[in-house]
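Below: the structure, in structure tokens.
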Protein chains: 2
Amino acid sequence: MAELSDSTSETANSNSETVATKVEPLEVSLSPQERFSEYLQSRGLRQTSQRKFLIDQVFSQHEHFDAEELIERLPRRGEANYVSTATVYRTLRECVDAGLLNSFQLDGRTVYDHDYGYPQHDHLYCTRCRKLLEFQSDELVEIRDQMAALHGFRVESHRMIISGVCRECSRRRRKKRKQDLV
Amino acid sequence: MAELSDSTSETANSNSETVATKVEPLEVSLSPQERFSEYLQSRGLRQTSQRKFLIDQVFSQHEHFDAEELIERLPRRGEANYVSTATVYRTLRECVDAGLLNSFQLDGRTVYDHDYGYPQHDHLYCTRCRKLLEFQSDELVEIRDQMAALHGFRVESHRMIISGVCRECSRRRRKKRKQDLV
DNA sequence: ATTCATGCAAATTCTTTGCATCAGC
DNA sequence: GCTGATGCAAAGAATTTGCATGAAT
């Protein structure tokens, strides 16, 4: 349903201070696969072919997805490497526990986001094409901590989503309006 | 399920700059009821006893709630002023359209928040007691606009939720730990 | 009179669970 | 071999929808 996220760099626009414009992979010592192994071992859980396969799939591309989308691109029942829906849901949850994925709710569905190997970031959500874009802001985190402190809150995490219309959709719309006038 | 929100003022804590500590009602010329009437009229929709009753209920206290909680405190089937689940859901949606309520997803449920008559604000969510606290930050809005501009986004709205542990729950926990040591 | 709104129950959607069987360790 | 993991189907939870009836304009 939702489209791939576009983490292409967007250089200076109207506003160009010292703000990060990209969310680039971090240097990490362990692969997601290895990291997951450690997690499993630490809890006495098992290394199964399904889990390995799913981690591979999930980290094969840096994009946001929901359970449905993941299942769609997985082998069907009867095919090699088939994994049942139940196991997909169970494994996604484990990925979140393991710190590999982050999850949040959007339009009623649960969206997953690579956590391991990527810096903390937030999202711009286009309500027209449903694309999710990432952004980073240290200032945002400062404000978060300030607000939390003010209310005696110990921060565990935060989630910010800016909804609106992306550049492409605005262009498309403008173009369409022009055409309509002709 | 979720508790009432506590919009009690929290004055200067560790961090006291010029930050708002309260989310107070705004002056509005129309009551929610009147505002909803206008919305209905403008769309040729009807003024029904169920709708009136629901608006009264929804605005009788400033708190966050979900459909289930609302339905729970409404008259049961057979009693006076009974409103069916379907109508509750339909009306909540209309309230959002009408700009009376805001809705967002939290822990899989849809939470509603008074929009009309209250200033824009964001939330602190206690993962222990599930309480929602409000905060306001103009700086946050500035950063939002800056980030949006940077990506060529036209902002429609945003949603920020800071999750963590509230003061009361921290206290409770600390107390419990002390007791455990005795 | 029209047409929209309501109540009801059934349908949806997304996700979780119970349980028999299977497979890591 | 023990115990956790999987697949399956069935159950759940939250919300929506189809439709006949009732009510607002």
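Below, chains carry the letters A, B, ... as their sequence lines are ordered, and counting in each starts from 1. Values below: every heavy atom of this structure, side chains too, minus hydrogens, waters and symmetry copies.
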>> Please list all pairs meeting ring-ring contact (aromatic ring centres under 6.0 Å, His included) that have one or both residues in residues 35-60 of chain B, counting only residues at least two apart or in different chains.
In response: B:F36-B:Y39, B:F59-B:H114
> Among pairs that include at least one residue of residues 77-109 of chain B, which meet ring-ring contact (aromatic ring centres under 6.0 Å, His included), considering only residues two or more places apart or in two chains?
Replying inline: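 As it turns out, the ring-ring contact (aromatic ring centres under 6.0 Å, His included) pairs with a partner in residues 77-109 of chain B, which skip direct neighbours, are B:F104-B:H123.
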Among all residues two or more places apart in sequence or in another chain, which pass the side-chain contact (heavy atoms from CB on, under 4.5 Å) test with [X]?
{"X": "B:Q33", "result": "B:S31, B:K52, B:I55, B:D56"}
{"X": "A:D107", "result": "A:Y125, A:R130"}
{"X": "B:Q41", "result": "none"}
{"X": "A:E27", "result": "none"}

[X] [atom1] - [N] [atom2] separation (whole Å):
{"X": "B:D107", "N": "D:dT15", "atom1": "CG", "atom2": "C1'", "answer": "17 Å"}
{"X": "B:E94", "N": "D:dT15", "atom1": "CD", "atom2": "P", "answer": "16 Å"}
{"X": "B:L70", "N": "D:dA14", "atom1": "CG", "atom2": "P", "answer": "14 Å"}
{"X": "A:E79", "N": "D:dG7", "atom1": "CD", "atom2": "P", "answer": "14 Å"}
{"X": "B:N81", "N": "C:dT6", "atom1": "CG", "atom2": "P", "answer": "13 Å"}
{"X": "A:Y82", "N": "C:dC22", "atom1": "OH", "atom2": "C1'", "answer": "15 Å"}
{"X": "A:L54", "N": "D:dA5", "atom1": "CG", "atom2": "C1'", "answer": "12 Å"}
{"X": "A:L92", "N": "D:dA5", "atom1": "CG", "atom2": "C1'", "answer": "16 Å"}

>> Is the shortest side-chain heavy-atom distance between A:T110 and A:D66 below 4.5 Å?
In response: no
Show the atom names and distances, to 0.1 Å, of all donor-acceptor pairs under 3.5 Å that link a side chain in residues 90-101 of chain A to residues at least two apart or in another chain.
from: A:T91; atom 1: OG1; to: A:T87; atom 2: O; distance (Å): 2.7
from: A:E94; atom 1: OE1; to: A:R51; atom 2: NE; distance (Å): 3.2
from: A:E94; atom 1: OE2; to: A:R51; atom 2: NH2; distance (Å): 2.8

>> Nearest heavy atom decides the nucleotide; on that basis, is B:S84 or A:Q105 closer to the 5' end of DNA chain C?
In response: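 Final value for this comparison: B:S84.
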Name the pairs: protein N/O against N/O of nucleotides 16-20 of chain D, kept only if under 3.5 Å.
from: D:dT16; atom 1: OP1; to: B:R93; atom 2: NH2; distance (Å): 2.6

> For D:dG7, does either OP1 or OP2 sit under 4.0 Å from a side-chain N or O belonging to A:Q50?
Replying inline: yes
> Side-chain N or O of B:R77 less than 4.0 angstrom from OP1 or OP2 on C:dG7?
Replying inline: no
> Does B:M160 offer a backbone N or O that forms a donor-acceptor pair with the side chain of B:D122 under 3.5 Å?
Replying inline: yes
> How far apart are the closest heavy atoms of A:L40 and A:R46, and which atoms are they?
Replying inline: CD1-O, 3.6 Å
> If you find the nucleotide of DNA chain D closest to B:T110 and the one closest to B:T48, which residue's nucleotide is nearer the 5' end?
Replying inline: B:T110
> Which ones in residues 40-47 of chain A lie close to DNA chain C, meaning a heavy atom under 4.0 Å from one of its atoms?
Replying inline: A:R46, A:Q47
> If you fit an axis to the five pairs at each end of the helix from C:dA1-D:dT25 to C:dC25-D:dG1, how big is the angle between those two axes, to 10 degrees?
Replying inline: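 Helix axis angle between the two ends: 30°.
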>> Using the salt bridge (Lys or Arg N to Asp or Glu O under 4.0 Å) criterion, which residues pair with B:R76? Sequence neighbours excluded.
In response: none
> Of all residues at least two apart in sequence or in a different chain, which pass the salt bridge (Lys or Arg N to Asp or Glu O under 4.0 Å) check with B:R77?
Replying inline: none
